Each structure stands twice: as C-alpha cells, then as structure tokens.
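The structure under discussion appears below in the form of structure tokens.
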Amino acid sequence: MDLKEKLVSSFMAFEERIDTSSALHDVRTNAIKNFENKGFPSKKEEAWKYTSLNAILKNDFSVFPKKENSVEFAEVKKYFLHEVDTYKVVFIDGKFSSFLSATTHEGIDVCLMSSALTKPKYKIVIDEYFNKIANKDETLTSLNTAFALEGAYINIPKNKIADKPIEIIYFTTGVEDALMVQPRNLVIVGENAHVQIIERHQSLNSNPVLTNSVTEIYAQKRAIVDYYKIQNDNLTANLIDNTYISQKQESRASVHTFSFGGNITRNNLNFYHFGEHIDSILKGITIIGEKQHVDHYTLVQHATPNCESHQNYKTIIGDSATGVFNGKIYVEKEAQKTNAFQQNNNILLSEKATINAKPQLEIFADDVKCSHGCTIGQLDESAMFYMQQRGIPKKEARALLMFAFCNEAIESIKIPELKHRITKIIASKLEVKLGFDL
Amino acid sequence: MLSIKNLHASIEDKEILKGINLEVKAGEVHAIMGPNGAGKSTLASIVAGNENYEVSQGTIELEGEDISELAPEERAHKGVFLSFQYPVEIPGVSVTNFMRTAINESRKAKGLADMPANEMLKLIREKSELLEIDRKFLSRSLNQGFSGGEKKRNEIFQMAMLEPKLAILDETDSGLDIDALRIVANGVNKLKSKDNAVVVITHYQRLLEYIVPDFVHVLMDGKIVKSGGKELALELEEKGYDWIKAELV
C-alpha cells in the first residue's frame with residue numbers, strides 16, 4: 001500500500017476517534033476527497049518542478065504512533081530559547097507535552113488546537129477562522145486539514161500584547177521506524193495586538209520523519225505579527241510547511257525563515273491582503289550543504305491599494321545541495337500604489353551545488369512600484385584577497401563575507417536572544433568561532 | 001627589510017615580471033614608477049601574496065625570511081601591508097568591525113589575547129583623527145559607496161591601525177584631490193620610522209613631493225630598468241618614459 005492509500009484508508013479510522021457530528025466533519029471530508037483526487041504533488045506540476053517527494057514517499061510512514069516517548073527537558077533545552085522566558089507549546093511525536101509546555105489563558109490564549117477544535121467555547125472562533133485562508137485546492141494543505149487535530153492555538157485579543165515570545169516546537173523521537181506528523185496551527189492577532197512567535201520542528205533521532213504542517217495566521221487591523229521559523233533539523237527529517245497569512249488594513253506581518261538543515265524542506269508561504277496600508281515582510285536565510293534540498297515557494301497577493309511587500313532571501317549552497325526560490329508577486333487591478341520588492345541572492349560554494357531561482361511578477365494595476373533582483377554567484381575572490389591582506393585568515397574571511405551576505409535578515413530579528421542564537425547557528429554552519437559581531 | 005631577487009611571475013601563462021631585483025632597508029622610502037602595464041601593481045600584489053599569480057623563479061624575503069610560500073594573511077601578520085589601488089567594497093561589514101577582526105586575528109597569530117575594547121576604541125579615535133576621518137564614517141559598510149578619495153584615505157587609516165613593517169602603497173594618489181593627498185601623505189609620514197619601510201607605486205611625481213623617496217626605480221616591461229634618487233622622479237615627470245626606452249636600446 002503506498003502512502004496515499006494508507007492515508008486515505010487511515011482517515012476512516014481517524015474519523016471514528018473524533019466527533020463526526022461537528023461541522024468540522026464536512027471540512028475534513030472535503031479535504032480528504034481533494035487529496036484523494038490529487039494525491040502527492042509530482043514534478044510534472046509547475047509548482048513542484050524542482051522538488052521531488054518521490055524518494056521520501058517510499059518510506060513506510062506511520063500516521064499514528066502506537067507508542068509514546070517521553071523527553072527530559074535537559075535533553076532538549078538547547079532547542080528552546082532558554083535564556084529568556086517564553087510561552088511554550090510543545091509536541092512530542094505529534095502529541096501535546098504538558099510537561100515541556102507553558103501555556104496560558106490569562107488575557108491571551110496560547111494553548112492547544114485540539115482544545116480549540118473540540119471545546120464549545122471556541123466554536124465561534126473556529127467557525128470564523130479555521131481553514132478559511134488556507135488554500136482548499138492545494139493537495140497537501142487538504143491532507144493536513146483532513147487530519148487536523150493537534151497544534152498550537154494562539155489568540156491575542158484586541159489591544160493586547162503578548163508579553164513574552166511564544167515558542168511552538170514539534171519534537172519527533174524515533175518512536176516509529178518512520179513517522180509522518182501533520183501539525184496544524186491557528187494564530188489570530190486582534191486589532192492593535194502584537195505577538196512574536198518562533199516555530200521549530202526537531203527530530204531527536206535519525207529515523208525518517210515527514211512533517212506536513214499548516215499554519216493559518218490572521219492579522220487584524222493594525223496588528224503586528226513577527227513569525228520566525230527555525231529549520232535546523234537532521235538529515236533524515238523532511239518538512240513541508242504551508243503558511244497562510246491574512247492581513248487586514250494597516251497590519252504588519254513578517255516571516256523570517258531560517259533554513260539550515262533537514263533533508264527536503266519546502267516552504268509554501270502565502271500572504272493575502274484585505275485592506276489598505278498593509279506591510280508584508282518575508283525574509284529568508286538558507287545555508288545548506290551535503291545533499292540537502294530547500295525550496296522556498298512564496299506568494300504575495302496584492303489585492304488592495306497602498307500596500308507594501310518586502311522579500312529578501314539569501315541562500316548559500318555548498319556540496320551537492322540544491323536550493324529553489326520561486327517567488328511570486330501578484331498585483332491585482334485594484335491594487336494601485338503597490339510597492340512590492342523582491343530580492344533573492346544566491347552563493348554557490350561548490351561545482352555541484354545548484355540553485356533554481358524563479359522570480360514571477362504578475363501585475364495588473366498600472367500605478368505600482370515593483371522590483372525584483374536575483375543574483376547567483378560565487379564568493380568574491382578579490383574581497384577574499386583584500387581581507388586576507390589585512391590579516392584575516394581565509395576561513396574567517398569566507399565566514400565574514402557570508403555573514404555580511406546574510407546580515408540584512410539577521411539584523412531584522414526583533415528578539416535579541418533569537419538573533420544571538422541564529423548568529424551562533426550560522427557561525428557553526430560556517431565552522432568558525434566568531435571573532436566579530438555584525 | 002624587503003629583498004626581492006630575480007622574481008619572475010606570470011598570470012595565465014603570460015609572463016608579467018621578468019626578473020625583478022629590489023632591496024629595501026628599514027627606514028627607507030622607495031618609489032616605483034613606470035608606464036601603464038609595466039607590472040607595478042602585479043609586483044605589489046605578489047609581494048602581498050595574491051595567489052592568482054604564478055611565481056616561477058626568484059625569492060621574496062622579509063627580514064631575511066623567505067615569505068614567497070606564505071598565505072596573504074601570514075604575510076600580513078609578519079607586517080606586510082598593501083594599500084590597494086582599487087579597495088574592495090564589503091557590504092554588511094563596518095569599518096570598525098573589519099578593523100577589530102583584522103587586529104585580533106593578527107594578535108591571535110602572535111599568541112596574544114584580543115585587544116581590550118577600550119584600547120581598541122582609543123586606537124580607532126587616535127588614528128581616525130590622524131587621517132581626519134569622521135567617526136560616523138567608521139560605522140558604514142567597508143568601502144561601500146565611498147568616493148575614490150574616501151577609499152584611499154580609509155586604506156591609510158587601516159595602515160595606521162595595523163602599523164606594518166612594510167607598507168606598499170599602490171597608486172594611493174589616484175582619485176585624491178590636493179587636500180586629501182596632503183592628509184594621506186601626512187598620515188604616511190607620521191607613521192614612518194627607522195624600523196619600517198614604505199614602497200610607493202605611482203604614475204606621477206605629485207605624491208612624491210609629499211612623501212619624499214630615498215630611491216626611485218623605473219619598472220618597464222617586467223624589469224627594473226633604472227634606479228636613482230628623488231631627482232629621477234622629476235626627470236620622469238618632465239621627460240616621460242621614452243628617453244629611458246631609447247637608453248635601453
């Protein structure tokens with residue numbers, strides 16, 4: 001039985017475990033039908049031209065783990081932003097870990113998706129937001145929706161500011177030979193509200209993992225959302241991240257994606273505008289080697305006038321790794337006075353390293369400022385010699401150049417401890433001790 | 001200080017230096033002049049360790065030690081400094097951070113601990129005043145968007161920070177207006193001592209009015225064809241290089 005068949009047949013078993021009388025039942029049933037029709041995407045589809053899932057789909061993934069593993073905090077402390085107090089929503093092999101989590105209902109909700117989906121008091125919110133901005137046609141999003149049960153539920157009411165950053169961490173422990181998990185997050189940020197969120201998927205073992213995650217984020221009027229994704233997983237972990245962001249007027253949403261590890265990583269990041277004077281910020285740093293594969297597939301849908309979007313993706317690829325950047329900016333006819341910028345710079349460190357870069361601009365309004373820039377190159381030899389001449393050894397000179405290359409996306413991290421952490425991860429990727437800070 | 005013997009070098013099989021001999025002693029200032037394409041910048045680059053050139057024959061000694069096999073940074077740690085004709089822009093790295101890294105890497109190579117931050121700041125303040133550099137300038141990305149003159153002044157600022165034994169100034173005067181030229185030359189003169197040496201590469205005699213050489217060499221077609229005192233520079237300025245060519249025939 002291949003994975004698609006296995007998933008479709010598991011759906012019935014899954015439905016028996018949950019409440020089939022709820023309105024969610026129809027949502028899930030439609031979703032599994034869409035997945036059953038479309039199956040996993042293949043390279044024949046334009047959107048998946050450069051990323052093949054075939055090799056990973058050959059694994060016999062368990063969809064529901066039979067056993068449970070516990071994890072000691074000391075083992076996983078390093079994956080948390082432990083220097084600073086945070087709210088934490090933590091999952092182990094797809095199941096909530098109350099032991100590792102620090103949730104809250106005081107003024108703001110930082111808790112479990114499973115509660116929100118099942119408890120009556122959340123029904124109004126779920127009816128209004130769940131699976132609304134997510135693309136119902138997209139097959140992997142549908143697959144996630146069909147099985148959506150666990151994940152983080154974050155609701156910051158009007159005029160509230162989340163007093164601490166929120167960490168959402170999914171650990172896998174190797175409880176099964178191969179495990180597929182499908183986290184589902186819902187983030188609602190009310191008018192004038194503000195939140196900072198860090199999301200991470202971390203495998204603690206070398207057994208293959210496939211994570212198919214969906215996150216819906218709603219930024220209401222003048223809301224500020226800063227979302228950080230840390231992807232520094234091991235070489236047997238695969239991640240398909242589908243993030244959908246709905247923004248109302250004068251809201252500002254930023255997503256930083258730090259892709260340093262994993263086997264295959266695909267980031268589908270989608271911004272939709274519903275109001276004027278919206279600002280969307282997409283930043284990415286990708287540093288990969290060996291045979292890693294990272295694919296950034298972004299969409300900014302400008303549907304309303306006077307909005308801005310800023311994309312800046314920096315990629316450094318070594319060994320025989322492959323990077324993909326497919327960035328689409330869509331400016332609808334009504335979206336006059338749009339300012340949409342996209343920058344994608346790539347450095348290839350070896351002969352076998354590959355980047356497929358495809359900027360796409362579709363503009364139907366006539367009074368807009370849109371630009372895109374894409375560069376692919378090697379490290380500047382003359383800059384290397386210049387730095388060495390001043391006494392900086394080759395390895396450090398390389399690192400300094402690469403740091404400088406990524407600097408813009410590091411500088412804009414608003415949580416100082418996270419900035420420090422990312423800087424340290426980058427330093428370890430570049431195999432240098434930092435004698436400098438940027 | 002610097003002793004170059006029978007240096008032959010090529011790039012992509014094209015021979016550029018065809019047997020250079022040069023002796024520079026501590027406390028001396030040497031000027032190397034010559035027409036375009038003679039090999040002046042190549043010589044500077046090779047002494048600094050640029051790996052793009054193939055050295056086929058000859059030796060380069062610094063204080064009696066053969067440095068021709070050393071990496072550029074190792075030469076820098078031993079006191080070689082090259083002021084680039086075209087300083088490279090490095091976006092994202094501030095002048096201050098670059099200098100801090102350079103100085104601390106050099107100290108590390110000598111087995112010393114990092115320079116304490118307050119000492120570093122003091123040094124930066126002192127040297128930036130010497131070259132009349134605005135402090136705001138130091139937090140900008142290295143050479144990015146600098147004017148030609150600013151880049152050159154920044155090179156000499158770095159030289160002042162690093163206090164090399166042997167400084168090679170490659171066309172440092174190009175792109176400088178007269179005020180900047182005076183500031184740069186003044187900086188170089190203040191750094192000069194009996195223990196270090198300066199090699200000035202230039203097309204024009206102009207800079208040599210401010211940085212007065214003890215010796216002037218004429219480099220043509222990969223060889224030093226004539227050497228003399230500072231009056232040779234004046235003669236070259238007046239008569240060009242053709243008369244030397246005529247002498248060689």
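Each chain gets a letter, A, B and so on, in the order the sequences are listed, and its residues count up from 1. Nothing here was measured: the structure is a model prediction, and the numbers come from that model.
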Contact leader toward chain A among Glu74(B), Gln158(B), Lys78(B), where contacts are heavy-atom pairs under 4.5 Å: Gln158(B)

Residue part contacting chain A, namely of [X], when any heavy atom lies under 4.5 Å:
{"X": "Tyr86(B)", "value": "neither"}
{"X": "Pro164(B)", "value": "neither"}
{"X": "Thr96(B)", "value": "neither"}

Take atom [atom1] of [X] as the centre, draw a 6.0 Å sphere, and report whether it contains more than 12 heavy atoms from other residues, nucleotides or ligands.
{"X": "Arg398(A)", "atom1": "CZ", "value": "no"}
{"X": "Lys337(A)", "atom1": "NZ", "value": "no"}
{"X": "Lys25(B)", "atom1": "NZ", "value": "no"}
{"X": "His8(B)", "atom1": "NE2", "value": "yes"}

Indicate yes or no: at least one non-hydrogen side-chain atom of [X] is less than 4.5 angstrom from one of [Y].
{"X": "Lys394(A)", "Y": "Glu51(B)", "result": "yes"}
{"X": "Ile90(B)", "Y": "Tyr386(A)", "result": "yes"}
{"X": "Phe385(A)", "Y": "Asn52(B)", "result": "no"}
{"X": "Val80(B)", "Y": "Gln389(A)", "result": "yes"}
{"X": "Ile392(A)", "Y": "Glu73(B)", "result": "no"}

Nearest heavy-atom neighbours spanning Ser382(A) and Val88(B): O-CG2, 3.6 Å

From Ser94(B) atom OG to Asn407(A) atom CG, the distance as rounded to the nearest 0.5 Å: 9.5 Å

Point-to-point distance, once rounded to the nearest 0.5 Å, from CG of Asn50(B) to CD of Glu381(A): 9.5 Å

Met387(A), part contacting chain B, at a heavy-atom distance under 4.5 Å: both

Donor-acceptor under 3.5 Å (Arg390(A) side chain, Ile103(B) main chain): no

Contact residues of residues 38-47 of chain B (partner chain A; heavy-atom separation under 4.5 angstrom): Ser45(B)

